[in-house]
Amino acid sequence: MKLFWKQFFSISVLIAVSLVLLGNVILQVTFVTNVTHERESDEKELWLFRYSLEASFEALPDKYPVGESTAVDIVKNIYENVDGGQDYIRIWRSDGFLLYENRSLAEEKWGIKINVGEGATRIRKVGERHYVESVILLEIDSGTIAVEKFRDIEYVYEIQQKILQIYIVVLGAMILLSFPVAALISRSITKPVRDLNILTNRLAKGDYDSRAKVRGSDEFAELTRHFNKMADNLQDNIIKLENFTGAFAHEMRTPLTSIIGYSEMLLTMDMPESDRITCAGYINSQGKRLEKLSNKMLELSGIAHDEIRFEEINVMDLFEAVDEIVSFSLSKKCVTLKKSAKAGVIYGDRDLVITFLSNLIDNARKAVGQGGVIELNAEEIKYGRCQQTFQGSDSIDCAGDGDNCKKADCTIITVRDDGIGIDDDEVKRITEAFYMVDKSRSRKEGGAGLGLALCEEIIKLHKWQWNIQSIKGVGTQIEIIIPEVRHET
Ligand code: ADP
């Protein structure tokens with residue numbers, strides 16, 4: 001069943017049940033109050049009647065004994081004066097003999113025991129009508145008599161019946177009215193879900209520009225916001241993937257074209273031994289280029305799926321390890337690597353950090369001339385600058401947990417060279433996969449534009465920040481800002 005219908009039925013049932021319950025309670029309370037009121041007013045009347053009777057008996061001269069006929073006369077007299085004889089009156093002797101009744105009504109006597117001088121009332125149905133029946137026992141000279149009175153209160157039941165009929169009509173109308181109300185409420189509640197449904201359908205069909213409208217600030221609005229964010233990320237990733245695939249195909253095509261061309265020449269043409277060796281050499285070097293490209297690609301995809309292992313890394317040891325790796329290639333160009341570590345330790349994945357720094361130094365090597373200088377520095381900076389760099393990101397707010405939490409400082413590692421530098425508008429793009437500032441120069445150096453893309457992944461995995469500053473013809477400086485926070489693995 002669709003969410004709309006679930007909501008619709010739930011709301012309708014809720015409204016109907018509430019109306020029925022509320023109506024019943026009101027009807028019941030009104031009815032009980034009315035009947036109780038009628039009964040209580042008869043109770044009061046009963047006591048008044050009793051006092052009137054006693055006063056009348058006492059007012060008789062002593063020589064007149066209060067016999068049955070006198071009592072009947074007095075009772076009749078008082079009743080006729082009090083209510084004009086509208087009610088039904090019966091007078092019984094204690095042995096059950098009916099001494100008087102003004103009209104014939106019920107057969108049975110009052111069956112409940114009461115004592116002389118007391119009175120009682122009850123609601124009684126006789127035939128099709130309801131009465132308040134009240135009875136009082138009186139002591140007269142000839143014995144005990146019971147005076148019984150029936151007052152018709154059928155009008156209370158008739159009013160109740162009328163109210164019930166009106167209530168049923170109003171209830172029916174309100175239930176009918178509740179359907180469009182429930183439909184409207186349900187529609188507005190399920191609107192964000194329907195919007196998300198449409199959005200997912202569009203995304204599934206490849207329309208990555210679609211977004212759902214965020215309405216209000218409830219949980220659905222939050223879900224919609226998150227969903228839109230997810231769609232943004234999805235779109236970004238798809239664009240990146242498309243660019244990546246295009247660039248990758250392009251990078252593959254150049255060496256493959258050479259390999260195919262030279263191999264065809266070898267297969268189809270008669271050529272001197274020296275030319276044959278040259279062709280084979282080209283095929284070999286282009287093959288190696290493809291191999292390098294595939295290794296870099298594997299490294300890049302490996303990093304994206306790798307679990308990162310944070311450990312304490314001594315910065316000086318780290319610099320030494322990097323130096324060992326790059327020293328051979330630097331020496332070929334007589335490039336000097338100047339290292340200075342004014343920082344103790346950082347937390348990160350040692351192997352990835354070594355790969356990262358080696359890549360940066362290798363790029364610097366390619367940028368500097370023969371006998372150039374590359375600087376590799378590390379220093380600690382205080383929380384304030386650290387916070388500025390991370391713009392309030394929670395990754396730097398605390399070093400340690402709970403009570404041990406203290407504001408974190410940062411370590412900055414800088415790789416600086418005095419090489420050819422990069423144009424401003426190109427600096428923004430050099431971390432894109434396969435992006436090369438000078439393609440032919442980069443390819444000649446064995447590059448494929450994947451080194452900095454790899455570095456970007458490493459930065460993301462560590463949740464670090466970096467910034468690249470470069471001035472064409474002056475040199476390049478790359479800063480890596482590392483918060484002093486130990487991420488648990
Ligand atoms: P590659 O593997 O081809 O070196 P990278 O992704 O490492 O690719 O670098 C991308 C581009 O950025 C390179 O083509 C290079 O021209 C430029 N670049 C990177 N570092 C520097 C630097 N220190 N000085 C000048 N140019 C640089």
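First listed ligand is number 1; within each ligand, the first listed atom is number 1. Starting from 1, each residue takes its place in the sequence as its number. Since the structure is predicted, the reported quantities are computational estimates derived from the model, not experimental observations.
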Taking only heavy atoms of [X] into account, list the atoms of ligand 1 that are under 4.0 Å away from them.
X      : value
Met436 : 3 (O), 14 (O)
Leu450 : 2 (O), 6 (O), 8 (O)
Ala367 : 22 (C), 24 (N), 25 (C)
Leu452 : 5 (P), 6 (O), 7 (O), 9 (O), 19 (C)
Gly449 : 1 (P), 2 (O), 3 (O), 6 (O), 8 (O)
Tyr435 : 10 (C), 11 (C)

Distance only, no hydrogens: is a donor on one side chain within 3.5 Å (strictly under) of an acceptor on the other, for Thr190 and Arg194? yes
Under 4.0 Å between a Lys/Arg side-chain N and an Asp/Glu carboxylate O for [X] and [Y]?
X      : Y      : value
Glu154 : Arg129 : no
Arg276 : Glu273 : yes
Asp195 : Lys191 : yes
Arg39  : Asp42  : no
Asp209 : Arg202 : no

Give yes if a backbone or side-chain nitrogen or oxygen of [X] is under 3.5 Å from a nitrogen or oxygen of ligand 1, and no if not.
X      : result
Ala453 : no
Asp417 : yes
Val437 : yes
Ile420 : no
Gly451 : yes

Quick test: of every protein heavy atom, which one is nearest to [atom], and how far off is it to 0.1 Å?
atom                    : result
atom 13 (C) of ligand 1 : Ser442 OG, 4.0 Å
atom 12 (O) of ligand 1 : Ile430 CG2, 3.4 Å
atom 19 (C) of ligand 1 : Asn363 ND2, 3.5 Å

In this structure, does ligand 1 have an atom that sits under 4.0 Å from one of the heavy atoms of Lys366? yes
Close approach, Gly419 and ligand 1, non-hydrogen under 4.0 angstrom: no
Within the 4.0 Å heavy-atom cut-off, what Cys455 brings close to ligand 1 is neither
How are the rings of Phe8 and Phe179 set to each other: parallel, tilted or perpendicular (split at 30° and 60°)? tilted
Is the ring pair Phe434/Phe244 parallel, tilted or perpendicular, if the boundaries are 30 and 60 degrees? tilted
Closest to atom 18 (N) of ligand 1 (heavy atoms only, candidates Ile422, Ile468, Leu454) is Ile422
Answer whether the closest heavy-atom distance between the side chains of Leu357 and Phe319 falls below 4.5 Å. yes
Does a sphere of radius 6.0 Å around CD in Glu128 hold more than 12 heavy atoms from other residues, nucleotides or ligands, not counting ones at 6.0 Å or beyond? no
Under the side chain to side chain contact (heavy atoms under 4.5 Å, CB included) rule, what do Met174 and Ile15 come out as? Steps first, then yes or no, please. CA-CA 9 Å; Met174 286 181 87; Ile15 294 176; over 6 Å; no
